[in-house]
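Please read the structure below before turning to the comments.
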Amino acid sequence: MELASKYNPSDVESKWYQYWLENGFFKSKPDGREPYTIVIPPPNVTGVLHMGHMLNNTIQDILVRRARMLGKNACWVPGTDHASIATEAKVVNKLAQEGIKKTDLTRDQFLEHAWEWTHKHGGIILEQLKKLGASCDWDRTGFTMDETRSKSVLKVFCDLYSKGLIYRGVRMVNWDPQALTALSDEEVIYKEEHGKLYYLKYYLAEDNGTGETGAEGEIVHRDAKGRYAVVATTRPETIMGDTAMCINPKDTKNRWLSGKKVIVPLVNRVIPVIEDEYVDIEFGTGCLKVTPAHDVNDYMLGEKYNLQTIDIFNDNGSISEAAGLYVGKDRFEVRKQIEIDLQNGGLLEKVEAYTNKVGYSERTNVVIEPKLSMQWFLKMEHLAKIALEPVMKDELKFYPPKYKNTYRNWLDNIKDWCISRQLWWGHRIPAYFLPEGGYVVAETPEKALELAKQKSGNAYLKIEDLRQDEDCLDTWFSSWLWPISLFDGINNPGNEEIKYYYPTNDLVTGPDIIFFWVARMIMAGYEFEGQMPFRNVYFTGIVRDKLGRKMSKSLGNSPDPLELIEKFGADGVRMGMMLSAPAGNDILFDEALCEQGRNFNNKIWNAFRLVKGWNVDEKLAQPEYAKIATDWFQEQLNKTIIEINDCFEKYRISEALMAVYKLFWDEFSSWYLEMVKPAYQQPIDKATYDITLSYFEVLIKLLHPFMPFITEELYQAIKDRDDKDSIMVSLVPKATEYCEKTISKMEVSKEIIAGIRNIRAEKGISPREAFSMYYKGDYCEKNNSIIEKLANIDKIEEAKSALNGATASIMVGTIEIMIPLGNNVNVAEETKKMEEEIKYLEGFLISVDKKLGNEKFVANAKPEVVENERKKKADAKSKIATLKANIEKLK
RNA sequence: GGGUGUGUAGUUUAAUGGUAAAACAUCAUCUUUACAUGGUGAUUUUAGCGGUUCAAUUCCGUUCACGCCUACCA
């Protein structure tokens, strides 16, 4: 077989992916084997593949492929997420381009557009994952809004409602007065704005002059009309909604206001002075006006002190009837007018220039208005409690564990989850309002009608009389069920699949959604299945560019993953991502990493070409050097397999990859193959050839989870195979022990060989010129034939007496290796080098001596540590003596 | 502002209470018969300060820098 000198990934990748698909190697059904399950973090239907997905899914594929090769029943379930907010925004934009406004459509019409959009774009990202080599069971592909998942969501909502965990409540939302919709926090952009700070006079009601204590630091304002408090505000137009004034109980300068009542300027409403530590003593005058309907923090104060709430705005941002003044006028117009009116009324102490941050709508660019609205909430206390302990006790493990802290912190300070969204795209809240007030919650309208009849006592109610809540559920309210709902565990509890695949094994995701998603899945897992949803969570880093910036469309710094695959091959890109992607650390992505990956592909390819290019002579006996090499490599292989297993157990995937990388490149290619390689154009013996091929096969099996394509290509090229014999369903060899002695002896030999090669390089002596080698010290002759072959040595002997003539010498541990050089030696240079070595060793000796001379060290340190220091001292002394003798000899 | 995490060669990472390791990059050198997408070799490191200890990169405190979460201050 003729093989090209370079590996060309695009030739083989699609071919093998197709082969795997056609043979159903990705599919999983429950059977007697141990299951290994991963559910994919479902990408948005709006999304296209980005580098974060590449990293995340590469890791999942590595884990799944490895589990499969360990003989487990591996099941990787793919799917997508409906992403309420993002998708609805995309659809609204698309319609806008066609000149259609969302408000012109009915809910059903809009949903039709949204489904159309989803069908068109929703699958793109999954198709892209196939290019990466993802071994998902595609028949199982789920979608958070498909029938099974939707039913699960509604059932869970009803269940939680009946348990009393879901309630309706008022909450401050970001209101867009132009789009007439609530926005999520993510859709609000804060901008610095130059505004004014208005200082308003709030006169005391029924002022009888008591309250002043004359205490130090107390500041009392008074004028002809009496005493007053000064309140600083950026929004004077909201005074119509004021229902209290608040001071800090520790604020001495305002102590005199405690327990008093004050009059809202212009409005003339009498409001109480309340006290709360929330107020910043240093800001303005330390007096805060409280407008519970129009400020988030004021709302909290309102709740706490049971204040009246006056909503002074209409939905479009004009002043409402409730305000009593300026009714119908726009909020910004009123701000100008009220300044004048306050001034004229003598109610404005002063005005200062002030810069603050104001929220704008991302969509309409108008100033958002905090607004109270009715929302659905899920109580978190119980769920947080059941989700915290398993993680803290490491029953469910986080990698890296530092995220346990973050997790606990969030659960300890958890607030109830607002699960309603003012959107159409999503699961509509299954709450139905009765004509005469009140509501019922049920999975279907029919069930709702039954409940409504019971509740109202009206047997003649019809479905049309019920009005379903307009809002839909937060997307995470469906994703938190993902590991359960994918196996239909909500609708069909205890079914065969959920029993077999749940709990899943590993979850691979980013730390940025630890609360949104991971924590909530853990809650749902324990609440609905009574068990953890996954045993381990692997947090990947965030992929950044090489300057450390997040990859974003606006910066244009994100490479197109498909172009990268085109350029370096999927294996090369996977490898490039994994080489520097330890758990939880951000990866600074650089194309050079993929280049390294591609180079590795090429190395593997060429190693294969070499081996396959040898001619085998069946009659040839195995040479001694080959026997030694094959015996050694078996041990080296076992050692690395154990190392890799250990890395995987600790989820150190990039380290596992580095271990295989070095095994292949350094140990196998640079050492082993050079050891067994026959002389130029000579044949190789059969025993060595066969075992070399078998090593090669083991190596590509170890590499397969990381680089699925090239390894399948070579697996099939080693020999003709049965159609069902794919590397991806083969078993990787196990190793439990290895011979450390064999390996360490070879390490010494390798050092000697490298040292001799180095002598040649430094002296400019050709590798073809054979040397003789003499040794002193604790040398083992076992690997002589290897050293002779790789260092071109014609004779190895113990140096019984001093050697005549110029010699180069190297120290390997305490063994001294000497090479007679004839005339090839530069005395001055050689002496200088040895003197430098002596200088270093003497410095080393001083530090060791200092330590050993320290009585406290000898008394307190562990005996083996002291013993080790003594040995270091002896070794260093002996080395120095040898070097000094060598210098003498050169003179 | 509050909380939390992280600082180790130029870069990305590893390790240890006992003289800090690897990969890439850089430089030098080698056109030796699989691979110049190769070989050989060299250079370079514990953020600052203080403490505990015989001994600190490791443990503790603090400063600085950066990241993340959260609240954004009327």
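This structure is a prediction, so every number in the text was calculated from the model and none was measured. Residue numbering restarts at 1 for every chain, and letters A, B, ... go by the order of the sequence lines.
No contact: A:R757 has no heavy atom under 4.0 Å from any strand. Across all strands, A:D295 comes closer than 4.0 Å to no nucleic acid atom at all (heavy-atom distances). Residue-level contact check: A:F515 touches the backbone only, with heavy atoms under 4.0 Å from sugar-phosphate atoms and none from bases. Across all strands shown, A:N405 has heavy atoms under 4.0 Å from sugar-phosphate atoms exclusively, and none from any base.
Note on A:W665: a side-chain N or O is less than 4.0 Å away from OP1 or OP2 of B:G39. Between A:N606 and the phosphate of B:G38, there is no side-chain N or O to OP1/OP2 separation shorter than 4.0 Å. Taking side-chain N and O atoms only, A:N599 has a distance below 4.0 Å to OP1 or OP2 of B:G38. Look at A:K677 and you'll find a side-chain N or O under 4.0 angstrom from OP1 or OP2 of B:A34. Distances shown here put every side-chain N or O of A:K662 at or beyond 4.0 Å from the OP1 or OP2 atom of B:A14.
We find that NZ of A:K750 is positioned 12 Å from P of B:U40, with the value rounded to whole Å. Taking atom NZ of residue A:K856 and atom P of nucleotide B:A55, one finds them 8 Å apart after rounding to whole Å. The nearest whole Å value for the distance from the CG atom in A:N602 to the P atom in B:A34 is 14 Å. B:U32 atom P lies 18 Å from atom CG of A:L790, rounded to whole Å. Distance, A:R408 CZ to B:G5 C1': 13 Å, rounded to whole Å. We find that OH of A:Y661 is positioned 18 Å from P of B:U12, with the value rounded to whole Å. Put simply, CG on A:N854 is 11 Å from C1' on B:U53, counting in whole angstrom units. In this entry the distance linking CD1 of A:I514 with C1' of B:U4 reads 11 Å, nearest Å.
Along RNA chain B, the nucleotide closest to A:A761 and the one closest to A:S669 are compared, and the more 5′ of them pairs with A:S669. Each of A:G755 and A:T406 has a nearest nucleotide on RNA chain B; the 5'-most of these lies closest to A:T406.
Salt bridge absent: A:E769 and A:R760 never bring a charged side-chain N and a carboxylate O closer than 4.0 Å. Salt bridge annotation for A:K250-A:E277: present, with a cationic side-chain nitrogen under 4.0 angstrom from a carboxylate oxygen. A salt bridge does not link A:E674 with A:K789: none of the charged nitrogens is closer than 4.0 Å to a carboxylate oxygen. Using a 4.0 Å cut-off between a side-chain N of Lys or Arg and a carboxylate O of Asp or Glu, A:R235 and A:E237 qualify as a salt bridge. By the 4.0 Å N-to-carboxylate-O rule, A:K879 lies too far from A:D875 to be salt-bridged with it.
When the nucleotides B:G5, B:A15, B:A34 are ranked by their closest atom to the side chain of A:R652, B:A15 comes out on top. The side chain of A:A861 lies closest to B:C54 when the candidates are B:U4, B:C54, B:A74. In this structure, of B:G3, B:C69, B:A14, it is B:A14 that holds the atom nearest to the side chain of A:E655. Comparing B:G39, B:A74, B:C54 against the side chain of A:S670 picks out B:G39 as the nearest. Across B:C73, B:A34, B:U32, the shortest atom-to-atom separation from the side chain of A:F283 is found for B:C73. Distances were taken from every side-chain heavy atom of A:A754 (C-beta onward) to each of B:C72, B:G39, B:G41; the shortest belongs to B:G41.
Taking the six-membered ring for Trp and thresholds of 30 and 60 degrees, A:Y695 and A:Y672 have ring planes more than 60 degrees apart, a perpendicular arrangement.
Residues A:Y399 and A:F539 place their aromatic rings such that the two centres sit no closer than 6.0 Å.
With both ends at atom P, the span from B:G17 to B:U12 equals 25 Å, rounded to whole Å.
Between the side chain of A:E674 and the base of B:A34, a donor-acceptor pair under 3.5 Å is found.
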